[in-house]
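Proteins get letters first, then strands, A, B, ... in listed order; numbering begins at 1 in each. This one's a predicted model, so the numbers in the text were calculated from it and none came from an experiment.
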Amino acid sequence: MDDAPRAAEASAPAARGTERLFDAASPGASKSPLVVVDDLHVSFERGGQQVNALRGVSFELQPGEILGLVGESGSGKSVLALTLLGLLPERPRPVITGSALVSGTDMVTANREQARLVRKQHLGAVFQDPMTSLNPTMRIGKQVIEAAGSTQEAVRLLDAVGLPDPASRLRSYPHELSGGLRQRVMIAMAVADSPALVIADEPTTALDVTVQAQILELLGTLRDELGTSFILVTHDLGVAAQVADRIAVLYGGRLAEVGPSADLFGAPLHPYATGLLRSRLVLRTDRSRPIVTLPGEPPDPRNHPPGCPFSPRCEHHSGECDVALPPLETVTATGEIAPSPAGSAMHQVACVRLGRFSTGHAAAIDERAEPWGPVASASRGRNPAVLVHGVHKRFTIGTGLRKKHLLALRGVDLSLNEGEAIALVGESGCGKSTLLRSIAGLQMVDEGEIEFGKGGRPQMVFQDAGASLTPWLTVGEQIGERLRSEGLRRQPRDARVLEALTLVGLPAEVAKARPAQLSGGQRQRVALARATVVPPEVLLCDEPTSALDVSLAATVLNLIGRLRRELGVAILFVTHDLAAARMVGDRIAVMYLGRIVEIGDADELCSAPIHPYTKALLDTVPEVGRVHVRLKGEPANPIDPPNGCAFHPRCPSAEPTCATSPVSLDPVEGASGRRVACPIALRLRTPITGDLNTAGVMSARDDSGRR
Amino acid sequence: MIKFVVKRLLSMVVILLMLTAIVFLLQKLSHINPAHAYLGANASQAAVNRETHILGYDRPFIAQYFHYVSGLLRGNLEVSLRTRHPVSTDIVAFLPATVELAVSGLFLAMVLGAVFGLISAARFRGAGAFRMLLMSFASAPVFLLSLLGILVLSGNLHWLPGTGDTSYTNAPTGPTGIIVIDGLVHGQFAVAWDGVWHLILPALVVALGPAVSIGRVLRGSLEASMLSDFARTARAKGLKERTVVLHHALRNSVSAALSMTGLQVGLMFAGVVVVETIFAWPGIGLYVDQSIPQADFPAIAGVTLVLGVGYVIINAIVDILQAVVDPRVALV
Ligand SMILES: Nc1ncnc2c1ncn2[C@@H]1O[C@H](COP(=O)(O)OP(=O)(O)OP(=O)(O)O)[C@@H](O)[C@H]1O
Ligand code: SF4
Ligand code: SF4
Ligand SMILES: [Mg+2]
């Protein structure tokens, strides 16, 4: 590869000075690829065993292209990203073969100094956790200047990535900014000096859905205006599909499928990609039956099968799959495997049996799982299991002059009936977890009452199951603990533990394991088994799936669905994901800044949202090639919530009265059980016929699409 | 900030009360009659009894303690049984030399610790040899190091002086009592320079142990910082490794090393007493060393209190420094 012309090309725009950020990229200036990865293998030695993280990955990336790199945890996404950056950890020393050319330099063979220069001149990086990826003791101005070169340039970049009032923010420390703003700062540093390629490793995973949409839109804008290429690493096919031109799916350290986003998100060919898409929740997913999940466990990187890495979990698998590693082959539009060489617009699949089973998303979607049975306690009548009335909760943060009050709950009413499931939805800081913890009795409320039905205290399952299990006790001991307090003796206790494990789909051996020996999904099941071994009247779940991969999350959601039907427990399920809320909840309650702003039947609420905030949340559900950003600005701050309707600073339909007159959660005419805290939306809805209302909602959404 | 100061003052009061109580308890347990020591070995039993009564050592233990504490509130540390001066006057005379030694020892410990931590975390060339050298010296007891320093560096090689804080008999004695500073104040630069020479060996001996502890903590937290997400971000910007260490990792690692420094202060005071005795350094360590065999409990209690105050002050400074290096730390 000739290095010189490309280096000149990369530095040319920089010479043009400050206007360059929003100059249109010169399209097609170069036809030669920016990144060429060829047969890349990376392995580590861990505990005396070989961990094979990447096993022969090849792909190319064109200038100005966005490639979505998708795969579940441990598939090798981050290792690939770090290899391209030349930043793989030095200990344990990785063994790397093959090549990874970035702007003409092979990052595999480059020495430290060469790799550093490539990073400085041609690369930028954005990492997952904006909380830890910025230096906590350095002002953000200085951190951006390190990459940008001058204060003036830093301000310009921060402005370009949408940081409000950038000049005065230069003196802030990272902990003074919200997660979304910090991620913008990271992006400003990544695009400083117009790199040819920015590698973003899960840049939106740690952010709220509304902020995630803003960040994805920003990546797309930067590509369009700077001509920068992006590699967007994510575990969510939907996130990749929104902005990427092409998607590459990694499985077990190998590429399973590579192709245009629309093809992969619409009609994937590889059985793994199909399964991934199927277990991804959308607002259309059939609620009457369990979500179709991938069977089995993710592959063990120390012990890959000799043939197709997906074969232990593949429904189409046959003997020929295990003979050799299936090569990545180009597929023509008609579904034939073509011998033509790989090109960027090609659709490539690594499956030897392709064509011998029917592919496509739609073909396999529903009818495969048995529909759910009835809820066990449905016959028990409609008495409330939990009654929350006028609950307020205030936290005091800071000391002395900097003392502030954080209003986490500002008057919440909610009634959960026996055997019912309600999903609480809202962005971080809206108070959903506080409400759950108050109900669980883990903290006192300042005002209001929480009453329970005839059952006792509810049981709770946390987001991070790993942290909520005791590390030195075996799984069996932890599940059995609650039986011991019931005075059960050893043998019947063991039998009950086994029963609980079976119910959550874990083998009996797990009883002897300690939490550290289990995977994240297994630990979450253990937490569920512990919570349900003595079936509680009410089970409280605080984002139990948000730390899990898509397919694992789907199995846990199914499990909750089954527990509820077989044991008849009522469920209060907290999540920030509306699609998951709709799967679990009979009703959905949308929270904003310590209050419920809309509550109603799950399907009705998702198909015809009324409150502007609910609509905005629904708009974040991904579509191919399009990012909806209905909400500008930051998630609201529970310290000093705005007067009137707390949502008014961000509300697209706000009217002057919204800033002053308080709103209440009012019933919606003609929709039983539905309540909405927005007089404006209710007024727009009330006239004459019901049909008109839905039309109003629809046209409002279309508007945002056209913008 | 006000809250911080109040808290520190309160903790100082508590520490001082506890220290005096301990000294009193020791006196009780030792069964030594200070009055006997005061009058000398040949005093008659009657004289001793009389003196015991005058000095108040025949009163109940608790009453003695309250008497002492109430005197303390009026700035009265009682009279030394050995020098027969008020203990406060003695301390004013001996403290400056100790402050000089302790502060320079602490400073040296921090500098050596920083060098030790930095070069071993960043694996600079020569780091291993420096580390070995420092560790082997620091593992020796303070008295052995002092003797070694006196015998080799001053006795054999004549590089450094081995006793006292000055070679001048007519050195200025005011205004601070610290020879180096007083020399500068009076324009006698030779005296000041001579003071520095005298300081090097004892300060080094005092500093070595704490330096290794501080350096180890610094190395540990530096290594963690070098593997952190923000260090990865800094490398991704294409910064040089040296910039990553000095501009990003170091400041995030100093906090832990500062905590360790605070902890080491107590240990260092013990070292100061030994070193002052061996180097005939005219500080409160030497003073208390001479007071102990004479059962001069007022002197011992006074010195203990001064060291307690020093401990609280230095730890408060450490807390302030921590808040300075880390913007997330609030002074409470
Ligand atoms: N420094 C390392 N030492 C040993 N093994 C490693 C190291 N880094 C990664 N691995 C292993 O390599 C495999 C791929 O890891 P990688 O971090 O790329 O996964 P990923 O796809 O990014 O997953 P996630 O979605 O959890 O971030 C995993 O089995 C991981 O445990
Ligand atoms: S090669 Fe075989 S096991 Fe692998 S995906 Fe294709 S059909 Fe399934
Ligand atoms: S009350 Fe006003 S600000 Fe609040 S949601 Fe309705 S329209 Fe928006
Ligand atoms: Mg990763």
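Highest contact tally toward chain B, considering only A/Leu134, A/Asn135, A/Leu87, is held by A/Asn135 [criterion: heavy-atom pairs under 4.5 Å]. When each of A/Lys120, A/Arg139, A/Met189, A/Glu146 is scored by its heavy-atom pairs under 4.5 Å with chain B, the top score falls to A/Glu146. Taking chain A as the reference chain and counting heavy-atom pairs below 4.5 Å, the highest number among B/Glu241, B/Arg251, B/His248 is found for B/His248. Between chain B and the residues A/Gly124, A/Ala125, A/Ser133, the most heavy-atom pairs under 4.5 angstrom are made by A/Ser133.
Under the 4.0 Å criterion applied to side-chain N and carboxylate O atoms, A/Glu113 and B/Lys240 are not assigned as salt-bridge partners. Ionic pairing of B/Asp229 and B/Arg232 is present here: one or more N-O contacts between side-chain nitrogen and carboxylate oxygen are shorter than 4.0 angstrom.
Taken to the nearest 0.5 Å, the CE atom of B/Met12 stands 11.0 Å off from the CG atom of B/Leu305.
Without hydrogens or angle criteria, A/Gln114 side chain to A/Asn111 main chain gives a donor-acceptor distance under 3.5 Å.
Of the atoms belonging to A/Leu82, it is side-chain heavy atoms, and not backbone ones, that fall under 4.5 Å from chain B. In this structure, chain B has no heavy atom under 4.5 Å from any part of A/Glu176.
The six-membered or imidazole ring of B/Tyr68 lies near that of B/Phe24, with a centre-to-centre distance under 6.0 Å.
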